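Structure record follows, encoded as structure tokens.
It should be emphasised that the depicted structure is a prediction, and the values quoted were computed from it without experimental measurement.
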Amino acid sequence: MKKIFSLFVALFVLVAVSYAQKGVMKFAKETHDFGKIEQGKPATHVFEFKNTGTDPIIINDAQASCGCTKPSFSREPVMPGKTGTISATYNAAAAGQFTKTVTVTSNAESGQTVLYLKGEVVSQKEAATAAAPATAPAQKSAKKSTKTSR
């Protein structure tokens, strides 16, 4: 009975130690909102993470939810305490709201992490109109200051 109990305790300690020594991916944020982006102009966001675990993290794969999104990542191990990145580019071909995912598979404690990209693709005309009001007040104030300074 003593031997069985000792074996059980040794197995428990081994399992606990193996779980404690994994890499941990801690992302600054797992969702990025592009807001309004112009149709036909690809948009890219770089997700940054820190390895807060005790073992190096190796990213095995990053899969997008569709062909309109292309993820890329470094194949180098991310050592404990260091940062790594995963880049995702959305092609912005179809107009309208979008939410896309990138599933990252690694040897980290969680195994898989899902990153989200969202936003709205608008026409070139709509994108120009959305940007124009932001610059118009600055132009008006510049004109006013030249008139008052004469």
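With values rounded to the nearest 0.5 angstrom, H45 atom NE2 is found 9.0 Å from S87 atom OG. One distance of note links CG of D55 with NZ of K22; it measures 8.0 Å at 0.5 Å rounding. The NZ atom of K100 sits 14.5 Å away from the OG1 atom of T89 when rounded to the nearest 0.5 Å. Between K26 atom NZ and E48 atom CD the span is 14.0 Å, to the nearest 0.5 Å. The distance from the CD1 atom of I57 to the OG atom of S110 is 8.0 Å, given to the nearest 0.5 Å.
Under the 4.5 Å side-chain criterion, counting only non-hydrogen atoms from C-beta, I59 is not in contact with R75. A 4.5 Å side-chain heavy-atom check between N91 and T69 finds every atom pair outside the cut-off. You'll find the side chain of F49 reaches within 4.5 Å of the side chain of V78, heavy atoms only. Using a 4.5 Å cut-off on side-chain heavy atoms (C-beta onward), L117 and F34 make contact.
Judged by distance alone, the side chain of Q39 and the main-chain N or O of A93 form a donor-acceptor pair under 3.5 Å. Using modelled atom types, one side-chain atom of S65 and one backbone atom of T101 make a donor-acceptor pair closer than 3.5 Å. The main-chain N or O of G23 is never found under 3.5 Å from a side-chain atom of N51 such that the two would form a donor-acceptor pair.
Counting non-hydrogen atoms of neighbouring residues, nucleotides and ligands closer than 6.0 angstrom, the OH atom of Y116 reaches no more than 12 such neighbours. Other residues, nucleotides and ligands contribute over 12 non-hydrogen atoms within 6.0 Å of the NZ atom of K29.
Considering D61, L115, V114 in turn, V114 is the only one that fulfils the side chain to side chain contact (heavy atoms under 4.5 Å, CB included) rule with T103. The only member of Q63, Q112, M25 that meets side chain to side chain contact (heavy atoms under 4.5 Å, CB included) when paired with V104 is M25.
A pairwise comparison of heavy atoms in V102 and A88 identifies CG2-CB, 4.1 Å as the closest pair. Contact record, A64 with P71: CB-CD, 3.9 Å, taken as the closest heavy-atom pair. The shortest heavy-atom contact between P80 and G53 is CB-O, 3.4 Å.
Classified by interplanar angle (parallel below 30°, tilted 30° to 60°, perpendicular above 60°), the ring pair Y90/F98 is parallel.
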